[in-house]
Amino acid sequence: QVQLVESGGGSVQAGGSLRLSCAVSKYFVSINRYCLGWLRQVPGKERERVVSVDRDGKTTYADSVKGRFTASRDNAKNTLYLEMNSLQPEDTGMYYCAAVMGSCSADWRYWGQGTQVAVSS
């Protein structure tokens with residue numbers, strides 16, 4: 001069983017920054033076998049993939065966040081990060097950490113509870 005716990009959300013003004021963290025359950029040893037990712041959801045809209053980070057650390061970003069967001073993973077610490085800069089009101093939403101074994105093209109298998117991000121203009 002993989003457990004994911006997000007932290008670091010909050011409220012900022014447009015142009016500000018936040019750093020999200022996702023702690024992966026310590027009971028799960030081989031985090032390096034998993035694709036990890038961040039997704040976000042706004043009420044009334046479908047959940048959107050923000051970024052995926054494959055087992056080798058290769059990142060794939062949504063066009064809407066390219067150049068502003070940076071994701072990284074620390075397999076030794078079982079943690080996934082998302083550095084968000086130049087935040088805009090449209091970045092507001094619930095941010096979820098997700099994981100799936102193997103390829104990032106597979107459907108996400110495990111989810112965290114989410115952390116809220118609110119960006120005011």
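Both backbone and side-chain heavy atoms feed into the values below; hydrogens, waters and symmetry mates do not.
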Out of curiosity, [X] [atom1] to [Y] [atom2], how far, rounded to the nearest 0.5 Å?
X      : Y      : atom1 : atom2 : result
Ser103 : Arg55  : OG    : CZ    : 7.5 Å
Ser21  : Leu80  : OG    : CG    : 8.5 Å
Cys104 : Asp54  : SG    : CG    : 5.0 Å
Gln88  : Ser120 : CD    : OG    : 11.0 Å
Gln116 : Ser11  : CD    : OG    : 8.0 Å
Phe69  : Thr59  : CZ    : OG1   : 13.5 Å

- Query: Quick one: side chain to side chain contact (heavy atoms under 4.5 Å, CB included) partners of Ala23, sequence neighbours excluded?
  - Reply: none

- Between the main-chain N or O of Cys97 and the side-chain N or O of Glu6, is there a donor-acceptor pair closer than 3.5 Å? yes

- Query: Do any N or O atoms from the side chain of Thr115 and from the backbone of Tyr95 form a donor-acceptor pair under 3.5 angstrom?
  - Reply: no

- Message: Tell me every residue that passes salt bridge (Lys or Arg N to Asp or Glu O under 4.0 Å) with Asp56, counting only those two or more places apart in sequence or in another chain.
- Response: none

Do [X] and [Y] sit in the same hydrophobic cluster, where Ile, Leu, Val, Met, Phe, Trp and Tyr count as joined when their side-chain heavy atoms come under 4.5 Å apart?
X      : Y     : answer
Met101 : Val24 : yes
Val117 : Val5  : no
Tyr81  : Met84 : no

- Message: I need the full list of salt bridge (Lys or Arg N to Asp or Glu O under 4.0 Å) pairs touching residues 12-21, with sequence neighbours left out, sorted by first then second residue.
- Response: Arg19-Glu83

- According to the salt bridge (Lys or Arg N to Asp or Glu O under 4.0 Å) rule, which pairs have a member within residues 84-96, sequence neighbours left out? Arg40-Asp91, Arg68-Asp91

- Message: Do Ser64 and Glu48 make a side-chain contact, defined as non-hydrogen atoms from C-beta onward lying under 4.5 Å apart?
- Response: yes

- Yes or no on side-chain contact (heavy atoms from CB on, under 4.5 Å) for Ile31 and Leu36, after CA distance, side-chain angles and deciding distance? CA-CA 9 Å; Ile31 185 177; Leu36 303 176; 3.9 Å; yes

- Query: More than 12 non-hydrogen atoms from neighbouring residues, nucleotides or ligands closer than 6.0 Å to CD on Gln41, yes or no?
  - Reply: yes

- Test side-chain contact (heavy atoms from CB on, under 4.5 Å) on Leu18 and Leu87 and set out the steps. CA-CA 8 Å; Leu18 284 173; Leu87 283 162; 4.1 Å; yes

- Message: Can you list everything that forms a side-chain hydrogen bond (donor to acceptor under 3.5 Å, both in side chains) with Asn85? Sequence neighbours excluded, please.
- Response: Ser17

- With a cutoff of under 4.5 Å between side-chain heavy atoms, which Ile, Leu, Val, Met, Phe, Trp and Tyr residues group with Trp111? Leu39, Met94, Tyr96, Val100, Trp108

